[in-house]
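Note that these values count all heavy atoms, side chains included, but never hydrogens, waters or copies made by symmetry. Numbered from 1 within each chain, the chains take letters A, B, ... in sequence-line order.
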Amino acid sequence: MPAEELELIHRSLNGDLEAWGEIVARYKQAVFAVTLSILRNYADAEDATQDAFIRAYENLRKYDLSRKFSTWLFTVAANVAKNALRKRRREREPPLPEPEGDPAEEVHQDIQLSAVRQAVAELPEGYRAPVILYYWHGLPLEEIAQVLGLPLGTVKTRLFRARSMIKMRLVEQGVIHDAVG
Amino acid sequence: MRAFLLSFFLLVCGTGLVFGEAVLPQSTPPPRPNEVIDFLSAMGFSPEFTGAVAAALTAGFNSGRATTTVTLLFLQDLAKIPREQAERGLEIIRFALSQGFIVDTGFAGSSMMNEARKLLALGRSWEEVERVLSLRLGFLLATRSVLARYAVISLSAIGPDVPLAASDRLVLELAWAVGDFILWEGGTLGDPRFLGYVQGRLDRLASVGVLSSALTGRTVAVLTPSILEEIVRLAFQPERR
Amino acid sequence: MRWDELEELLRAAVRKEVEEGAGRLSGLEERVIREILRWPARKSWWTRAREFFAQPTPRWALAGVLAALLLGFALGRLTVSSPIPQWSSNLFVIAAPGARSVSVVGDFSAWQPIPLSDPDKDGIWMASIPLPPGRYEYAFLVDGKWVGQDPLAEEYLRTFGEYVSVRYVGGERAGLSS
């Protein structure tokens, strides 16, 4: 862990909220990506991100300094998001997210990119999170397993299946034509 | 104190179990969806996993992609194996449902759950069952992709709750025929029997009314050995470069 | 498209998805700090749960007993017999002289055994099973032994080296119907 980050954590442990604010600033987008991957909805992901930082601060004393801080923080965020998902499931089912943006502009954007985004959005629950942790955060599989509380084999299977599905969706839509060779 | 409470809990559970069994008539109507979900909930999976599977199954029951009777039997099979293994098996079903595939045709043939039960009846291990289910999922995904690419079927929304269309059964039966040929008939790519085998299966299914004649006719006319090979390659090698 | 190109697209797609929503995070630092300051002594769920259960309430004990009974009852209902869909009857017949028990398993029963009978003890065992039109895989079990090749089947399929019979019901070439 970088010394500067360690210092921020020590200061936070001593009640220095400004230091914690610095941690929030550094990790907010990464934590947002974790919660978004599970909740699939910007508004819910934003709430969960805020909640995750509050929970992490409250539980900072339980953080083992020998472990990687980001992994611990992402684990907290994933748990907060999973709880929010459970709560939301009791209340309502969320619509699948539609990629935001100006449709007119979309026409000029890379069609392949839009198709991939749509395919990622259509991944079933539990499959987006490994994809985002792998492709956005660049986490190794072992860490993804730790963050999501899943066995390593499950993470591998889900990533493999998610990639297969995305590729096949692109074949279906004619975005790629060389599925065979 | 804890041990006493635990023993008491088990005793009460056991009492319920005995009465539950005793009142069961031997010939019953299909279980209600909530009975299946209750059984699932008692299997000890995590709340997230249970919730996700319950949602997929409920949608599947409503849309006709799964039946309560075969699903309950399948869950009972899973209840007999280690939980982690059971979760992997059930995850394949959930994934297939989430992609809008039929996973159980009730008592009428080709389906993942029926296949699993057949293999168990044959005395095969769960490792083998899981492997076959995984391959079947690959065939389903590949078949739908290739059929859509050749405009035999059109795809808009996919999911367990999307109303069933004739093309859903076509995808299932074609995927099954291709899978049967490769997995069980010892067929290989380039096998001259491949096209005839698959076309024959589809025609026969149309003749007994399982498949729509019009859709089958269109499909049979479009199919070529290379399309079938494309399905197989895609099913086995989705990450091929 | 090569697979590594797809990998790159995936990375870009995921990046775009996150970045489009990240505008919402502006000022999050202040909001987090404000929330932390607002509830300096928030109790954890564990503390709250312990406090809750520390209060003895007989109703909770009763609810626990009822829940356990219901759980046991649900587990007790594991054995669900398979209702055969009502349709045209199909005869399943096998010659098995001297057999003690014969049954048929197949798609139509989700591979649960349906017993065959030999009331006149001539070694011909049979059962008439009503089935809707469709393609059915099946096999006989003679004293527990798998017999996969029914002479009356339309085709056979080999699964892990074992035969299963296939019968189509309905249409012009249907198997034996009664």
Minimum heavy-atom separation for [X] and [Y], please, with both atom names.
X: A/K28; Y: C/G27; value: NZ-N, 4.3 Å
X: A/Q29; Y: C/L25; value: CA-CD1, 3.9 Å
X: A/Y42; Y: C/R24; value: CB-NE, 3.2 Å
X: C/A13; Y: A/L113; value: N-CD1, 3.5 Å
X: C/R15; Y: A/W136; value: CA-CD1, 3.6 Å

4.5 Å side-chain heavy-atom contact, C/E29 and A/F53: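 A side-chain contact under 4.5 Å is absent here.
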Proximity breakdown for [X] and chain C, heavy-atom pairs closer than 4.5 Å:
X: A/A43; answer: both
X: A/W20; answer: side chain
X: A/L36; answer: side chain
X: A/I166; answer: side chain

Trace of the side-chain contact (heavy atoms from CB on, under 4.5 Å) decision for A/R163 with C/L10: CA-CA 9 Å; A/R163 279 194 293 236; C/L10 253 169; 4.3 Å; yes
Result of checking C/E8, C/R11, C/E7 against A/Y135 for side-chain hydrogen bond (donor to acceptor under 3.5 Å, both in side chains):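 Between A/Y135 and the candidates, side-chain hydrogen bond (donor to acceptor under 3.5 Å, both in side chains) is satisfied uniquely by C/E7.
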Separation between OG of A/S37 and CD of C/E17, rounded to the nearest 0.5 Å: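 CD of C/E17 is found 10.5 Å from OG of A/S37.
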Neighbour count above 12 (heavy atom, 6.0 Å) for C/E155 CD: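 Enclosed: over 12 neighbouring heavy atoms sit under 6.0 Å from CD of C/E155.
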Residue part contacting chain A, namely of C/E19, when any heavy atom lies under 4.5 Å: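 The answer is both parts of C/E19.
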